[in-house]
Amino acid sequence: IVESFEEIDEARQNISLTYFEVGTLSALYIFKKLQVDVAVLEIGLGGRLDAVNIVNADGAAVTSIGLDHQDWLGSDIEQIAFEKAGVYRADLPAICGQRNPPQALVSHANSISAVLSIKGQQFDFIRNESSWNWSGVDVGGSRLDLDNLPIPALPLENAATALQLLIKMFPEITRNEIERGLQSAHLDGRLQRFQHPFNGVMDVGHNPQAAELLNTELKTRPLSGKRYGVLAMLKDKDAASVVQQFDQVDHWFIAGLQGYRGQTVSELNDKVANIVKVEGLYDSVAEALDGLLDLLTENDEVVVFGSFVTVAQAQDWLSKYPMDAA
């Protein structure tokens, strides 16, 4: 990493680079140095003008389109869709994980002759009790069905989208390889479960789409006890729309976040108190979790969500309990 920084600093000469641009170049430098077989790159903000989009990828997926980063991308959903569609490339796989996406995304993909596959049209999935079925199209456009797949530790909405991109880009992939990938795939902070000192799940979701996915996942795991939500969000996020997605949380506790873009617990409470019944106010995520220690039974579950910062602070708090089975 240090070597990459040195190379970037020498090459940039008088060009000023942002923190994110340096990080992106560092990753690309390391990928090239190590000659990786596959590099999976995530767009940080939007798509068309994001630093990562300097790479002409062999395939791209837009997972969903929502009103997020509006100060950069615009307040109109069609405008945001156009910005996100900027990751697509001519004549290459272009996957959209949102059903009935805005027309701006479809129009842009068609205008550059990208090979567009949309969830609910070219591919989709059905969840069963202990497995799921996927249907989509292969690299030649023919229908492909995969039944009784293992359920991953990630949202099925995203797994289905990733699987369509994978099959389009690597037509030689086998079912056994797909199953192994689904069974091993995980992401810290995304539906991350823990069992000590109480049962819980952490999720970095901070917009309505992510909140809806989290709530859907919670529905698949009914409890005999109660579910306690711990919410802490940055000030530029739509907290009201996020909590509106939930019908699987019985008791609400909210916390403040310090630092850049943070907001106090009272500021967050002002945004959500008329939507959900808030039962506890805490200055920090750690204090909220401390407050739950004596409330929960073994049949209850805590859901900690709202920001990457929220999950990071929860992980720090959980590190005090070595039996954590996250």
For the residue pair [X] and [Y], establish whether any side-chain heavy-atom pair is separated by less than 4.5 Å.
X	Y	answer
Asp300	Asn199	no
Val106	Ile118	yes
Phe5	Val22	yes
Leu166	Ile173	yes
Leu191	Leu213	no
Ile30	Ile1	yes
Ile95	Ser117	yes
Cys96	Leu105	yes

Basic-acidic side-chain contact under 4.0 Å: Asp124, Lys119: no
Consider only side-chain N and O atoms of [X] and [Y], and report whether a donor and an acceptor are under 3.5 Å apart.
X	Y	value
Asn128	Asn133	yes
Glu21	Thr24	no
Lys237	Gln263	no
Tyr29	Glu3	yes
Gln248	Glu217	no

Counting distance only, does the side-chain N/O of [X] pair as donor-acceptor with the main-chain N or O of [Y] below 3.5 Å?
X	Y	result
Gln164	Ala160	no
Thr310	Ala232	yes
Asp203	Gly306	no
Thr161	Glu157	yes
Glu267	Thr264	yes
His196	Phe194	no
Lys84	Ser64	yes
His251	Val249	no
Arg89	Val87	yes
Ser319	Asp316	yes

Got a sec: does the [atom1] of [X] have more than 12 other heavy atoms crowding it under 6.0 Å?
X	atom1	result
Glu172	CD	yes
Ile126	CD1	no
Glu179	CD	yes

Measure the spacing between [atom1] of [X] and [atom2] of [Y] and express it to the nearest 0.5 Å.
X	Y	atom1	atom2	result
Leu144	Gln122	CG	CD	14.0 Å
Leu231	His206	CG	NE2	12.5 Å
Arg175	Leu146	CZ	CG	6.0 Å
Lys168	Leu163	NZ	CG	12.5 Å

From CA spacing to verdict: ring-ring contact (aromatic ring centres under 6.0 Å, His included), Tyr321, Phe198: CA-CA 10 Å; Tyr321 299 91; Phe198 38 64; 7.8 Å; no
Verdict with supporting geometry, Glu177 and Thr174, side chain to side chain donor-acceptor pair (under 3.5 Å): CA-CA 5 Å; Glu177 289 168 335; Thr174 66; 3.3 Å; yes
Indicate the atoms forming the closest heavy-atom contact of [X] with [Y], along with that distance.
X	Y	result
Ala104	Glu78	N-OE1, 2.8 Å
Val304	Val311	O-CG2, 4.4 Å
Ala114	Tyr88	CB-CB, 4.3 Å
Leu234	Ser307	CG-OG, 3.9 Å
Met202	Ala314	SD-CB, 3.6 Å
Asp58	Pro93	O-CD, 3.4 Å

Aromatic plane relationship, Phe125 with Trp132 - under 30° parallel, 30 to 60° tilted, over 60° perpendicular: perpendicular
Aromatic contact, Trp252 with Phe246 (centres under 6.0 Å): yes
Steps toward salt bridge (Lys or Arg N to Asp or Glu O under 4.0 Å) verdict (Asp247, Lys219): CA-CA 9 Å; Asp247 59 13; Lys219 283 183 179 179; 3.7 Å; yes
Verdict with reasoning, Ile178 to Leu182, per side chain to side chain contact (heavy atoms under 4.5 Å, CB included): CA-CA 6 Å; Ile178 290 171; Leu182 290 169; 4.0 Å; yes
Glu301 and Arg193: CA distance, side-chain angles, deciding distance, salt bridge (Lys or Arg N to Asp or Glu O under 4.0 Å) verdict: CA-CA 10 Å; Glu301 182 178 72; Arg193 301 201 172 274; 3.2 Å; yes
Reference residue Tyr228; test side-chain contact (heavy atoms from CB on, under 4.5 Å); the match among Leu289, Leu292, Val303: Leu292
